[in-house]
Every structure is written in structure tokens, then in C-alpha cells.
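First the structure, in the form of C-alpha cells, and then the observations on it.
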Amino acid sequence: MSAPAAKLSKKEVNSNHDGADETSEKEQQEAIEHIDEVQNEIDRLNEQASEEILKVEQKYNKLRQPFFQKRSELIAKIPNFWVTTFVNHPQVSALLGEEDEEALHYLTRVEVTEFEDIKSGYRIDFNFDENPYFENKVLSKEFHLNESGDPSSKSTEIKWKAGKDLTKRSSQTQNKASRKRQHEEPESFFTWFTDHSDAGADELGEVIKDDIWPNPLQYYLVPDMEDEEGEGEEEDDDDEEEEGLEDIDEEGDEDEVEGEEDDDEDEEGEEAEEDEGEDD
């Protein structure tokens with residue numbers, strides 16, 4: 001009979017676990033190094049893709065220019081196109097006071113121009129007719145991104161006519177409103193031209209460039225769409241009213257039928273009484 005196998009001591013078991021842990025840690029470290037190498041390849045491809053996408057964007061940006069030009073010529077035939085578009089846009093309209101809207105009635109043309117190197121920035125031009133507010137025919141704001149990636153902006157200095165500076169008037173209106181606890185007017189739209197505090201997160205500039213400029217017609221036509229919806233609701237109301245009248249007429253007819261039946265019963269009762277009287 002063979003001798004029973006000797007049991008492993010606790011020390012021997014622990015040493016085996018330590019060896020397994022060392023092997024596991026080594027494999028994990030190697031896996032991490034390989035993941036890092038693969039990730040570098042992915043990043044390299046992403047950079048290459050960005051460069052290719054930029055080239056495609058630049059190509060099609062040039063191809064779009066004649067169509068933007070044609071669209072601007074057609075828009076010029078529609079009075080108050082741009083002020084209507086801005087008023088109908090939920091984010092821009094929140095920045096417009098009553099006098100801003102009056103001034104924007106003189107706005108005849110808006111142009112967004114992306115620089116040849118699209119990553120370096122863009123410019124927005126606002127063309128105005130002669131107006132009672134300022135001397136400028138064109139107001140512009142440019143956004144730049146330098147080689148180090150730092151954003152900056154610059155704009156046209158607005159040459160306000162005497163007593164017509166809407167940016168100062170807006171500030172005064174807000175101060176009076178706060179003192180009287182009244183509804184505050186929004187800060188003037190035109191203060192945007194002097195605000196260069198956060199060029200990298202200029203919400204209005206991004207909205208005009210990325211949302212309004214690609215298709216301004218969709219915002220110009222918003223009221224017509226609402227009118228159509230309103231007409232649809234009115235038609236639905238009319239249908240409901242007609243159905244209600246029909247129900248009333250049907251109920252009235254039923255009441256008339258019941259009334260006639262009651263009259264017939266009364267007449268039959270009277271005739272029966274007369275017959276009984278004659279028999280007596």
C-alpha cells in the first residue's frame with residue numbers, strides 16, 4: 001500500500017498564488033502596452049480622417065458659394081425677410097427688444113463667410129439700408145482661431161447717430177425696470193458686436209452660422225406654418241360644432257316623437273271616457 005500523498009503546506013500554497021499574481025500582472029501590463037499602441041494607430045487614423053474631411057468641406061464650401069449668392073439675390077426681393085427670420089428664431093428672438101426689431105427692419109442682407117482654412121474661423125456681415133440709428137452700411141463680426149487654438153473675435157465699431165445708441169438705451173431701460181420691479185427688456189442685440197469676452201463660445205454667432213444661414217427660409221415661413229395649423233384646428237372645431245348640432249337635432253326629434261305618442265295616449269283616454277259616459 002502506497003503512502004498517502006503529503007499535503008501542501010500553507011506556505012507552499014501562498015507561494016503558488018504569488019507566482020500566479022505575478023504572471024497575471026505581467027500579462028495585464030503587456031495588454032495595456034498593446035492597447036496603447038493600437039489606440040495610437042486609431043488616433044493617427046482619426047487625424048488623417050479629419051484632414052480628409054476638411055479638404056472635402058473646403059471643396060464643397062466653394063461649390064456652394066454661387067448658390068448662396070443666388071439665394072441672397074432672391075431674398076433681396078422679399079421685404080423684411082431677415083428681421084422676420086430672426087424674430088421667428090426662438091434663440092435669436094429672445095435677444096431682441098422692440099427697438100432692435102425696428103432697427104433690423106433696415107437689414108437687407110446677411111452673409112456668412114468661412115475662411116479658406118475652415119478651422120481658422122468665419123465672418124458674418126450684416127448689410128443695412130440708410131437708417132435713423134447708425135451711419136454704418138455694413139456691420140461685421142469675425143471669429144478667429146489661432147495656431148495655438150486660442151479663439152478671438154473682432155467687429156465693426158458701430159457709429160451711432162445722436163441719441164440712438166441702443167446698447168446704452170437698453171442698459172438704462174434695464175436699470176429702471178429693476179428699480180421698479182418691472183419686466184426687464186433683453187440686452188440689445190447690438191451689444192453682441194462689442195462683446196468679445198468669450199469668442200470660443202459665442203452662441204449667437206454659432207446659431208447664425210450653423211442653424212440660420214444654411215436654410216433661413218425655414219424660419220421665415222414659420223408663421224405660415226402656424227396659420228395652417230390654426231386653420232386645421234378651426235376646421236376641427238367646426239366639425240365638432242356641426243356634430244353637436246346634429247346631436248341636438250336628433251334629441252329634438254326624439255322628444256317630438258315622444259310628445260306625439262303622449263298626445264295619442266291622451267286622445268285615446270278621452271275617447272274611452274266618452275264611450276263610457278254614453279253607455280251610462
Side-chain angles (χ1 to χ4, degrees), residues 4-72 85-86 89-92 94-95 110-126 140-156 191-219:
K7 293 183 179 180
L8 292 173
S9 67
K10 186 175 181 180
K11 184 176 181 181
E12 289 175 332
V13 171
N14 289 338
S15 64
N16 287 343
H17 278 298
D18 291 342
D21 289 342
E22 288 177 3
T23 303
S24 178
E25 288 178 3
K26 183 178 180 182
E27 289 176 351
Q28 289 179 19
Q29 186 59 37
E30 289 178 353
I32 289 172
E33 291 174 359
H34 288 310
I35 290 172
D36 188 50
E37 291 174 1
V38 173
Q39 189 61 51
N40 288 336
E41 289 298 316
I42 294 173
D43 292 341
R44 184 182 62 79
L45 287 173
N46 287 340
E47 289 178 6
Q48 184 178 343
S50 297
E51 293 174 1
E52 294 295 328
I53 291 170
L54 181 59
K55 290 178 182 178
V56 171
E57 278 294 323
Q58 289 173 330
K59 173 186 175 182
Y60 282 93
N61 192 39
K62 290 180 180 179
L63 292 174
R64 284 191 289 262
Q65 294 311 308
F67 295 98
F68 285 147
Q69 179 67 25
K70 180 64 175 178
R71 187 183 69 183
S72 293
T85 298
F86 286 161
H89 192 284
Q91 289 171 275
V92 178
L95 304 175
V110 174
E111 297 285 345
V112 175
T113 304
E114 294 189 88
F115 300 145
E116 188 170 352
D117 179 4
I118 296 175
K119 292 189 296 183
S120 65
Y122 61 96
R123 184 182 71 250
I124 305 176
D125 296 318
F126 299 79
S140 302
K141 188 167 185 178
E142 295 184 9
F143 298 87
H144 296 270
L145 199 65
N146 60 27
E147 294 180 357
S148 62
D150 297 325
S152 63
S153 64
K154 63 180 182 178
S155 59
T156 308
T191 59
W192 175 68
F193 289 94
T194 59
D195 182 8
H196 305 290
S197 58
D198 193 1
D202 193 297
E203 184 177 357
L204 180 55
E206 294 294 327
V207 165
I208 294 173
K209 179 176 76 76
D210 297 330
D211 191 17
I212 295 178
W213 175 247
N215 184 8
L217 188 62
Q218 64 179 325
Y219 292 106

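Because the structure is a prediction, the values reported are computed rather than measured. Positions are given from 1 along the sequence.
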Exercise. Looking at residues at least two apart in the chain, or sitting in another chain, which of them share a ring-ring contact (aromatic ring centres under 6.0 Å, His included) with Phe86?
Worked result: none
Exercise. Under the salt bridge (Lys or Arg N to Asp or Glu O under 4.0 Å) rule, what pairs show up with a residue in residues 38-49, not counting sequence neighbours?
Worked result: Glu41-Arg44
For this session: Enumerate the residue pairs fulfilling salt bridge (Lys or Arg N to Asp or Glu O under 4.0 Å) with a member in residues 196-213, sequence neighbours excluded, ordered by first and then second residue.
Result: Lys141-Asp202
Problem set entry | By side chain to side chain contact (heavy atoms under 4.5 Å, CB included) - contacts of Tyr60 (at least two apart) | Val56, Leu63, Arg64
Less than 3.5 Å apart, which donor and acceptor atoms pair up between the side chains of residues 30-37 and the rest of the protein, not counting sequence neighbours?
none

Seminar exercise, completed: Asp150 meets the side chain to side chain donor-acceptor pair (under 3.5 Å) criterion, sequence neighbours left out, with Ser148
Problem set entry | Any residue meeting side chain to side chain contact (heavy atoms under 4.5 Å, CB included) with Pro214, in chain and number order, not counting sequence neighbours | none
For this session: Can you sort out the partners of Arg71 under salt bridge (Lys or Arg N to Asp or Glu O under 4.0 Å), two or more places apart, ordered by chain and number?
Result: none
For this session: List for me each residue that meets side chain to side chain contact (heavy atoms under 4.5 Å, CB included) alongside Asp195, sequence neighbours excluded, and say none if there are none.
Result: Ser197
Problem set entry | Ser72: partners by side chain to side chain donor-acceptor pair (under 3.5 Å), with sequence neighbours left out | Glu111
Exercise. Sequence neighbours excluded, which residues qualify as side chain to side chain contact (heavy atoms under 4.5 Å, CB included) partners of Ser50?
Worked result: none
For this session: Not counting sequence neighbours, which residues clear ring-ring contact (aromatic ring centres under 6.0 Å, His included) with His144? List them please.
Result: Phe115
